[in-house]
Colleague: 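After the structure tokens below, expect a handful of questions from me.
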Amino acid sequence: MTEKIGVYVCHCGSNIAGVVDVEDVAKWAAEKLGHQGVVIARDYKFMCSSLGQELIEKDIKELGLTRVVVAACSPHLHEKTFRIAAQNAGLNPYLVELASIREQVSWVHTDKAVATAKSKAVVSGAVSRVIENAPLEEIKVPINPNTLVVGGGIAGIQSALEIANAGFHVYLVEREPSIGGHMAQFDKTFPTLDCSACILTPRMVEAGTHPNITLLTWSEVVNVAGYVGNFNVTIKKKARFVNEELCTGCGICQEKCPKKVIDDVYEAGLGYRKAVYTPFAQAVPNYPVMDKENCIYFEKGTCKACEKFCPTNAIDFNQQDQLLNVEVGNIILATGYDLFDARRVSNYGYGRLPNVFTSLEFERLSNAAGPTNGNIVLRDGKTMPKSVGIIHCVGSRDRNFNNYCSVICCMQGLKFAHLVHERTGATVYNFYIDMRTAYKAYDEFYQRVLEEGTLFVRGKVAEVTDAARYSNERGKLIVQTEDTLAGKQRRIPVDMVILSSGLQPRHDAKEVGKMFGISCSTDGWFTEKHPKLDPVATMTEGIYIVGCAQGPKDIPSSVAQGAAASARVLDKILQREVALEPIKATVNKEMCSGCRICNGLCPFNAIAFIADDNVSEINPALCQGCGTCVAACPAGAISGTGFSNEQINAQIDGLLMKNLEPVGA
Amino acid sequence: MTDQFEPTIIGFTCNWCSYRAADLAGTARMKYAPNVRLIRLMCSGRLDPTFVLRALSGGADGVMITGCHPGECHYIEQNYKALRRFLLLKRVLTGLGIEPERVKLVWASAAEGAKFAAETTAFVEEIRKLGPLCWGKDEDGRMKDDEDIGNSSIKIHPSSFEKEVPA
Amino acid sequence: MNKYLLYPGCSMESSAKAYMESMNTILESLDLHFEEIEDWNCCGATEYLGINLIPAYSLIARNLALATKQMHPVNGTGGTRTVVAPCSACYLNLAKADHYMNERPSLGEKVNEALAAGGLHYEAGTLDVRHLIDILVYDVGLEKIREAVVHPLTGLKVVPYMGCMLPRPDYQHRWSDHEHPTELDDLLRALGADVIDYPLTTECCGGHMTQIGPETAFELIRRLVADADERGAQMMVTVCPMCQMNVDAYQNEMNNYFGTDYHIPILFFTQLMGLAFGKEPGELGIGVELVSSRNVLAGIGVEVPVTQEPAAPRKKDEGLPMPRRWTKHEGRKETVK
């Protein structure tokens with residue numbers, strides 16, 4: 001035996017030790033795996049703690065260990081921790097192997113004997129494999145200091161500004177004609193009732209004029225290639241049909257455009273815009289876009305009213321979509337949310353009963369710059385409601401739709417209650433299932449709204465109907481609900497119902513995630529690297545997620561995340577280079593027969609055929625390490641570091657070690 | 001331990017989807033049959049069919065190959081290559097007189113811990129029904145000595161005689 | 001020709017005869033062929049499942065088992081695996097049996113044990129159980145129905161009443177919505193009728209509460225009729241024999257109970273389809289309903305032939321005649337004045 005192997009079995013408190021007899025596993029490894037080279041096997045309460053790591057470091061130094069196996073959690077959690085520990089003790093970090101006996105054993109099995117036996121098998125597999133591990137060196141690549149931020153809502157703006165202010169360049173890409181996101185649609189923000197536009201607009205202007213920010217609105221990312229430090233991103237800049245160089249943002253084109261279109265995005269369907277438009281007065285940038293779908297010229301071939309009246313000849317009907325290529329080192333996704341489509345809850349009648357409104361509709365209704373100049377009126381456009389019902393948790397915390405809590409709806413409902421009360425004096429009912437006001441100054445706001453006289457009914461609303469049963473219900477919307485505090489069914493007639501709709505992942509979040517190489521949770525939100533300790537990073541190095549793209553959250557949390565991700569990016573930029581996993585495939589030219597079977601298998605075009613030598617060659621910069629070519633090579637000429645045939649075959653043999661008892665339930 | 005046959009199964013997972021599905025099953029404390037021992041690869045495309053044969057000849061009663069869903073491969077399309085090899089491998093197994101059902105392909109995304117757990121348990125039951133493979137094992141299911149592996153120990157399952165080997 | 005297997009159900013031969021007649025009348029115009037399941041039996045209605053599950057499911061499944069015998073092409077007419085049930089309760093029971101026999105194999109085994117006594121067997125999932133309106137809207141299609149209209153029901157103000165048994169729990173996701181399905185609205189609109197949005201379209205008609213708790217049923221019927229009346233509807237249109245019977249046969253009693261005076265006739269959608277397709281009211285069973293639709297239909301130019309009017313409701317305080325008095329003179333009869 002040439003290798004000296006140390007085996008370390010972690011208790012993980014009771015997480016592992018509660019189900020697996022860790023002492024037995026360690027004892028067994030020392031006894032039965034001695035012939036493999038195991039010279040020491042220990043168990044310890046928390047291997048990942050500094051004391052646990054020191055234990056390993058000490059053994060490496062004192063016993064001269066040449067290989068280390070740690071039986072603990074998933075390698076995705078602590079592989080790096082133990083590799084660094086090994087490195088500190090002078091052992092190549094790739095000579096450490098993790099055996100997952102927590103996620104794959106103790107957390108998923110209950111029988112102690114069975115779990116212990118399986119742990120032994122897993123340890124045996126790891127010991128056999130680690131013997132075949134080869135020392136590897138990390139590959140260092142330079143980091144491009146530019147950053148891409150996708151999404152110009154408040155989270156994206158915050159991210160972009162933080163990085164730009166630190167002196168590095170940012171490309172801020174926004175799908176809509178203006179940055180601002182959902183926050184630009186709101187009138188007031190809870191709990192301080194700050195005017196949303198007043199606090200947002202200065203940030204938008206700053207982002208729009210910052211010398212370090214390239215603002216690309218009406219644009220979408222269409223392709224992402226490369227890896228951390230060296231992404232190559234293709235951005236489609238959609239034709240605006242307005243020359244940005246010449247446009248002064250005077251607004252005459254919008255005034256003269258004869259085509260009125262319902263604005264489904266900014267006005268949430270409650271107001272109109274023209275075919276050429278800026279979504280709102282304070283839009284950044286302030287030059288308009290032409291909506292080709294609705295433009296009369298594009299439809300019928302005549303009109304061009306905008307062109308005729310434009311004082312600077314900025315209208316250009318010949319503009320084409322442009323594809324831009326940018327090189328960036330890091331990417332922040334701030335793609336936001338879609339509002340839950342309240343029509344899906346058909347018993348609340350949205351879309352059928354005119355005076356049922358969604359939360360975004362109400363935001364526009366209450367906004368001084370909105371379609372009614374901030375007058376809260378019914379859909380007839382003039383009648384002020386005398387009573388208003390606000391229904392919470394629409395589409396959230398409901399297993400028919402979304403299981404999760406949308407976080408903002410309670411506070412949003414309270415804000416609406418305050419605004420309705422203040423501006424119309426109407427009686428306001430809040431129908432809630434639980435009141436969730438957990439944040440600084442949030443519960444105080446709830447108390448304030450309570451004191452203002454808003455009525456609260458705890459219970460899930462069964463339906464909103466216009467089928468009157470009693471005379472006082474005629475011509476009203478009746479909210480049929482269970483009042484769980486009074487213990488009875490109630491029918492409450494109101495003039496207006498506001499649905500505090502939940503938040504949903506963007507309809508295209510899955511495709512976007514795929515493009516950037518990150519995954520979505522079952523609910524569809526982007527998955528963070530660690531739910532507690534790494535909430536803005538993702539499993540893909542160099543890609544960060546902020547704001548509602550990661551999960552429902554309010555403005556302060558979105559801003560905090562935006563800033564947090566920027567700090568992570570700046571950290572990367574300032575390191576100037578990043579270490580990549582040395583998991584690559586290489587061709588042994590002596591063995592290569594030049595059959596070219598591998599050539600067509602690589603989706604990254606990393607394999608080239610060298611005709612002169614009649615062999616294939618792999619470009620390590622392009623190789624991503626999937627190993628498909630390794631498996632395909634009929635001559636066995638390609639080897640994959642980190643996952644070599646020898647390592648995997650040894651692990652198979654180790655897992656199936658003969659004197660292990662068969663394990664079963 | 002009960003009298004029922006407890007199969008030993010080797011599971012191959014890809015680093016990005018199915019291994020994370022297994023992690024998620026753990027984090028969510030979902031219970032599944034303990035008969036499967038996992039090996040992590042970077043991609044299901046790394047799966048050399050000889051790994052499967054080695055596992056079967058080394059004492060495994062079944063092999064589960066898992067990867068990202070078609071179209072969701074971290075390496076763009078390499079799981080399709082795993083699919084191709086899997087289909088070919090099944091024919092090879094048939095030719096060797098081994099029930100091709102002993103090898104199963106499962107797609108599981110990183111979010112599908114529940115699916116991973118359910119598929120694992122289901123596969124264990126399927127293999128339990130098929131019985132021990134006895135390739136590289138004594139008739140009582142014990143492993144033979146290492147020297148025995150790979151020569152005379154291949155046992156043809158009686159049912160395989162009835163199956164038509166594709167020409 | 002599109003062939004389907006028909007499970008008519010008991011109502012269609014008794015209280016909902018008009019439904020059966022009108023359905024048969026319109027089939028030809030839509031190129032549909034329904035083949036009745038031979039020797040079918042009662043589905044157990046809403047009650048039996050509440051009493052004893054296995055016999056109840058066996059009763060239902062016997063029909064499915066019989067239907068499978070008629071699935072295969074016979075004499076070149078083409079095979080089918082779709083069973084059409086025009087009655088909502090029958091539809092729900094058949095669909096329910098198929099669903100649960102599939103979901104709970106132990107139930108399937110027990111049911112099949114019972115069926116085996118009669119030499120029958122049903123493998124869950126073999127058949128597609130669908131309601132008549134589902135076939136009309138999604139297989140035939142609104143376009144084809146619109147084409148068949150020769151006498152549009154313009155000006156006829158109707159509320160569509162789907163009833164509660166059809167859209168829920170919707171095992172196979174067949175309906176546009178569970179709370180407010182719009183299939184009937186769309187179909188009536190295709191016939192040219194003036195369809196009024198009816199928020200109570202899936203509310204309960206009282207079901208068998210008319211038998212065991214009439215006050216409850218009366219209140220449910222009152223809500224339906226009152227709301228239809230308030231919305232200006234001249235007529236309710238339904239897809240369910242139970243709904244039709246409750247709203248029709250108990251409307252008068254409900255009026256008596258509450259002291260109201262509603263008069264909202266309720267017809268089956270197939271009857272209106274027949275009218276729109278130019279069929280005669282007599283072929284469609286129109287005129288036998290208790291709350292007469294004669295005046296309403298006269299408004300769109302349809303003359304309903306006079307059939308025997310149902311007996312007028314009995315005046316409440318009218319006493320019953322006394323038995324004849326005993327007299328010594330045999331053979332002479334005398335009643336007390």
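Residue numbers begin at 1 in each chain, while the letters A, B, ... track the order of the sequences. Since we're looking at a predicted model, the values are computed, not measured.
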Colleague: Determine whether more than 12 heavy atoms belonging to other residues, nucleotides or ligands lie under 6.0 Å from atom NZ of A:Lys112.
Modeller: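 More than 12 heavy atoms, drawn from other residues, nucleotides or ligands, come within 6.0 Å of this atom.
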
Colleague: Please evaluate residues A:Thr628 and B:Gln78 with respect to the criterion side chain to side chain donor-acceptor pair (under 3.5 Å), reporting the C-alpha separation (whole Å), side-chain torsions for both, the decisive distance (0.1 Å), and the verdict.
Modeller: CA-CA 7 Å; A:Thr628 304; B:Gln78 304 302 61; 3.1 Å; yes

Colleague: Which of the residues A:Ser519, A:Gly517, A:Gly625, A:Gly642 is involved in the greatest number of heavy-atom pairs with chain B at under 4.5 angstrom?
Modeller: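 Between A:Ser519, A:Gly517, A:Gly625, A:Gly642, the count favours A:Gly625.
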
Colleague: What I'd like to find out is whether the side chain of A:Asp523 reaches to under 4.5 Å of the side chain of A:Tyr404, using heavy atoms alone.
Modeller: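 They are in side-chain contact.
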
Colleague: Using heavy-atom distances under 4.5 Å, tell me whether A:Cys73 contacts chain B through its side chain, its backbone, both, or neither.
Modeller: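 Answer is neither: A:Cys73 stays 4.5 Å or more from chain B.
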
Colleague: Under the rule for ring-ring contact (aromatic ring centres under 6.0 Å, His included), what residues qualify as partners of A:His78, not counting sequence neighbours?
Modeller: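 Per chain and number, A:His78 pairs via ring-ring contact (aromatic ring centres under 6.0 Å, His included) with no residue.
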
Colleague: For chain A, which residues of residues 47-54 of chain B have at least one non-hydrogen atom nearer than 4.5 Å to it?
Modeller: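 B:Leu47, B:Asp48, B:Phe51, B:Arg54, listed by number.
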
Colleague: Checking heavy atoms, do the side chain of B:Lys81, its backbone, both or neither come under 4.5 Å from chain A?
Modeller: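 For B:Lys81, side-chain heavy atoms alone lie under 4.5 Å from chain A.
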
Colleague: Of all residues at least two apart in sequence or in a different chain, which pass the ring-ring contact (aromatic ring centres under 6.0 Å, His included) check with A:Phe526?
Modeller: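 Expected list: none.
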
Colleague: Does A:Arg129 make a cation-pi contact with A:Phe643, if we ask for NZ or CZ under 6.0 Å from the ring centre and within 45° of the axis?
Modeller: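 Output yes; distance and angle both within limits.
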
Colleague: Where on A:Ala126 is there a heavy atom nearer than 4.5 Å to chain B: the side chain, the backbone, both, or neither?
Modeller: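 For A:Ala126, no heavy atom lies under 4.5 Å from chain B.
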
Colleague: Are B:Thr13 and B:Leu41 packed together at the side-chain level, in the sense that at least one heavy-atom pair is separated by less than 4.5 angstrom?
Modeller: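 They are not in contact (no side-chain heavy atoms under 4.5 Å apart), so the answer is no.
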
Colleague: What residue, out of A:Thr527, A:Asn15, A:Val630, A:Ile648, has the most heavy-atom pairs lying under 4.5 Å from chain B?
Modeller: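 Winner by heavy-atom pair count: A:Ile648.
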
Colleague: Heavy-atom distance under 4.5 Å to chain B: side chain of A:Val122, backbone, both or neither?
Modeller: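 Neither part, no heavy atoms under 4.5 Å.
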
Colleague: Would you say the side chains of B:Lys31 and A:His109 form a donor-acceptor pair under 3.5 Å?
Modeller: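 Their side chains do not contain a donor-acceptor pair, so the 3.5 Å distance test is not met.
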
Colleague: For chain A, find which of B:Arg85, B:Glu112, B:Met30 contributes the most heavy-atom pairs closer than 4.5 angstrom.
Modeller: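 Result: the option with the highest number of such pairs is B:Arg85.
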
Colleague: Salt bridge between A:Glu581 and A:Arg83, side-chain N to carboxylate O under 4.0 Å?
Modeller: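 A:Arg83 and A:Glu581: salt-bridged.
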
Colleague: What part of A:Ile583 gets within 4.5 angstrom of chain B, counting heavy atoms only: side chain, backbone, both, or neither?
Modeller: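 Side chain of A:Ile583 only, per the 4.5 Å heavy-atom cut-off to chain B.
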
Colleague: Tell me, for A:Asp653 versus chain B, whether the close heavy atoms (under 4.5 Å) come from the side chain, the backbone, both or neither.
Modeller: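 Contact with chain B: side chain only.
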
Colleague: Check side-chain contact (heavy atoms from CB on, under 4.5 Å) between A:Asn588 and all other residues, then give those that pass, not counting sequence neighbours.
Modeller: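 Once residues adjacent in sequence are excluded, the partners of A:Asn588 under the side-chain contact (heavy atoms from CB on, under 4.5 Å) criterion are A:Glu590, A:Met591.
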
Colleague: Mind checking whether B:Leu56 and B:Leu133 have side chains closer than 4.5 Å, heavy atoms only?
Modeller: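 Result yes, sub-4.5 Å side-chain heavy-atom pair found.
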
Colleague: Can you tell which part of B:Arg40 gets under 4.5 Å to a heavy atom of chain A, answering side chain, backbone, both or neither?
Modeller: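 When you check distances to chain A, atoms from both the backbone and side chain of B:Arg40 fall under 4.5 Å.
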
